[in-house]
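For reference, the structure discussed in these notes is given below.
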Protein chains: 2
Amino acid sequence: MKTTRNTAAKTAVLEVFEKSKTALSHTEIHKQLNDLCDRVTIYRILDRLINEDIIHKISNLDGTVKYAKCNHSHQRVHIHNHAHFSCENCHEITCLESVKPSYIMPHNYKVNEINFTLSGLCPKCLNSNI
Amino acid sequence: MKTTRNTAAKTAVLEVFEKSKTALSHTEIHKQLNDLCDRVTIYRILDRLINEDIIHKISNLDGTVKYAKCNHSHQRVHIHNHAHFSCENCHEITCLESVKPSYIMPHNYKVNEINFTLSGLCPKCLNSNI
DNA sequence: TATCAATTGCAACATTGTTGCGTTTAATTT
DNA sequence: AAATTAAACGCAACAATGTTGCAATTGATA
């Protein structure tokens with residue numbers, strides 16, 4: 001079995017996630033780390049963190065990809081079936097842990113995973129009367 | 001006002017969509033057209049078709065982007081808030097026009113658009129006992 | 001402290017999408 | 001039917017994002 005190590009770069013990436021309330025793109029993480037490590041290293045760290053179920057990947061409507069810390073607090077088994085909100089004004093992505101869509105599927109489909117992304121205006125931008 | 005023209009390339013792209021029951025990527029379209037036109041031209045045709053509300057763009061969980069013909073049959077006003085199904089085995093994307101999720105949002109969010117993608121096994125692959 | 005596989009940096013490459021610009025062409029007018 | 005003209009095109013170049021191979025480095029363990 002492969003063991004995983006705590007390196008300076010991995011710790012730094014995790015700290016960036018801790019400090020951020022919203023999901024982050026690879027580029028945003030790279031900028032915040034300020035050349036502490038190579039671009040490629042960040043991709044590999046993100047891959048590892050996903051495998052370790054510490055972060056999850058979010059693909060947005062506009063094709064951009066972001067990553068966010070997982071919230072394990074309320075579940076024994078970790079499921080990523082929560083919703084994400086993408087603000088059209090400030091482009092921040094937030095996890096809506098409490099929003100779970102209900103839906104009825106046609107027969108003969110086996111659903112393993114769902115992705116539910118809503119876009120519009122977040123509370124911050126809505127209050128600014130944009 | 002900008003007028004739009006019916007060119008050979010645009011007609012060919014539309015025929016590819018007509019023939020396909022599933023959503024298509026730029027690359028898949030390019031291959032089917034067999035060098036009838038340039039790669040860039042296809043991007044520009046897709047942009048136009050989206051503006052004309054003839055096709056819509058689908059961003060998948062894995063970060064890939066596909067396009068599919070819009071189904072206007074049941075609606076006066078065209079809304080893209082239907083679900084998409086992404087098969088983990090054959091990687092086909094199909095529109096689930098009848099699936100509309102219901103959900104409850106926290107206050108102070110203004111939702112303009114939703115994207116609901118389910119992944120798992122499609123009927124074809126489910127029956128093949130994968 | 002020595003060991004060794006996990007991790008890293010670097011270079012190179014692949015894919016996807018965009019932009020500028022000169023040329024071609026569809027649709028309209030003459 | 002020919003002239004007009006803006007839309008559409010091809011080509012080249014570029015940008016962003018992500019991947020791979022390999023030699024060098026380093027964290028965890030003995």
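These values consider heavy atoms only, across backbone and side chains, with no hydrogens, waters or symmetry-generated copies. Labels below follow one simple rule: chain letters A, B, ... track the order of the sequence lines, proteins then strands, and each chain is numbered from 1.
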- OP1 or OP2 of C:dG9 under 4.0 Å from side-chain N/O of A:T41: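 Indeed, a polar side-chain atom of A:T41 lies that close.
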- How would you list, by chain and number, every residue that makes a ring-ring contact (aromatic ring centres under 6.0 Å, His included) with B:Y67, sequence neighbours excluded?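 Listed in chain order: nothing, the list is empty.
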- Query: What residues form a ring-ring contact (aromatic ring centres under 6.0 Å, His included) with B:F17, not counting sequence neighbours?
  - Reply: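 So B:F17 forms no ring-ring contact (aromatic ring centres under 6.0 Å, His included) with any residue.
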- Identify the two heavy atoms, one from A:L46 and one from A:I55, that lie closest to each other, and give their separation to 0.1 Å.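 Closest approach of A:L46 to A:I55, heavy atoms only: CD2-CD1, 3.6 Å.
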- Item | Selection residues 11-24 of chain A - residue pairs positive for salt bridge (charged side-chain N to carboxylate O under 4.0 Å, His left out), sequence neighbours left out |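 As it turns out, the salt bridge (charged side-chain N to carboxylate O under 4.0 Å, His left out) pairs with a partner in residues 11-24 of chain A, which skip direct neighbours, are A:E18-A:K69.
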- Pairs where residues 27-51 of chain B contributes a residue and the test salt bridge (charged side-chain N to carboxylate O under 4.0 Å, His left out) is met, not counting sequence neighbours: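 Applying salt bridge (charged side-chain N to carboxylate O under 4.0 Å, His left out) to every pair that reaches into residues 27-51 of chain B, excluding sequence neighbours, yields B:E28-B:K66.
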- Select base, sugar-phosphate, or nothing to describe what A:I42 touches, counting heavy atoms under 4.0 Å on all strands.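 Nothing: the residue A:I42, judged by heavy atoms under 4.0 Å, touches no strand.
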- Task: Each residue besides B:Y43 in its hydrophobic cluster should be listed here, by chain and number; the cluster joins Ile, Leu, Val, Met, Phe, Trp and Tyr at side-chain heavy-atom distances under 4.5 Å.
- Result: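 None, because no other hydrophobic side chain comes under 4.5 Å of this residue.
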- Task: Show which residues join A:I58 in its hydrophobic cluster (side-chain heavy-atom contacts under 4.5 Å, direct or indirect), or state none.
- Result: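 Traced through the cluster, A:I58 reaches A:I93.
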- Message: Which residues pass the side chain to side chain contact (heavy atoms under 4.5 Å, CB included) test with A:S119, not counting sequence neighbours?
- Response: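 For A:S119, the residues satisfying side chain to side chain contact (heavy atoms under 4.5 Å, CB included) (neighbours in sequence not counted) are A:L61, A:S86, A:E88, B:E113.
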- Query: Can you list the residues that meet the side chain to side chain contact (heavy atoms under 4.5 Å, CB included) rule with B:A9, with sequence neighbours excluded?
  - Reply: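 By the side chain to side chain contact (heavy atoms under 4.5 Å, CB included) rule, B:A9 matches B:T7, B:L36, B:C37, B:T41, B:I45.
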- Task: For A:K100 and A:E97, indicate whether the former's side chain and the latter's backbone hold a donor-acceptor pair under 3.5 Å.
- Result: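 Indeed, once roles are kept as given, a pair shorter than 3.5 Å links the two residues.
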Without decimals, in angstroms, what is the distance between [X] [atom1] and [N] [atom2]?
X	N	atom1	atom2	value
A:R48	D:dG18	CZ	P	17 Å
A:L46	D:dT17	CG	C1'	13 Å
B:N51	D:dA7	CG	C1'	14 Å
A:D35	C:dG9	CG	C1'	12 Å

- Could you write nucleotides 13-23 of chain C as a row of B, S and -, 5' to 3', where a protein heavy atom under 4.0 Å of any base atom gives B, of only sugar-phosphate atoms gives S, and otherwise -? ---BBBBB---
- Note on the structure: Per-nucleotide protein contact along nucleotides 24-30 of chain D, 5' to 3', at a 4.0 Å heavy-atom cut-off (B base, S sugar-phosphate only, - neither), is --BBS--
- Item | Angle between terminal axes - the helix from C:dT1-D:dA30 to C:dT30-D:dA1, 5 pairs each end, rounded to 10° |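 One end's axis against the other's: 30°.
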- Query: Between C:dA6, D:dG10, C:dT8, which nucleotide has the shortest distance from any of its atoms to the side chain of B:D38?
  - Reply: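 Of C:dA6, D:dG10, C:dT8, D:dG10 is nearest to the side chain of B:D38.
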- Task: Quick one: which residue pairs count as a ring pair (Phe, Tyr, Trp, His ring centres under 6.0 Å) with a foot in residues 88-107 of chain B, not counting sequence neighbours?
- Result: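 Counting only pairs at least two positions apart or across chains, the ring pair (Phe, Tyr, Trp, His ring centres under 6.0 Å) contacts touching residues 88-107 of chain B are A:F116-B:Y103.
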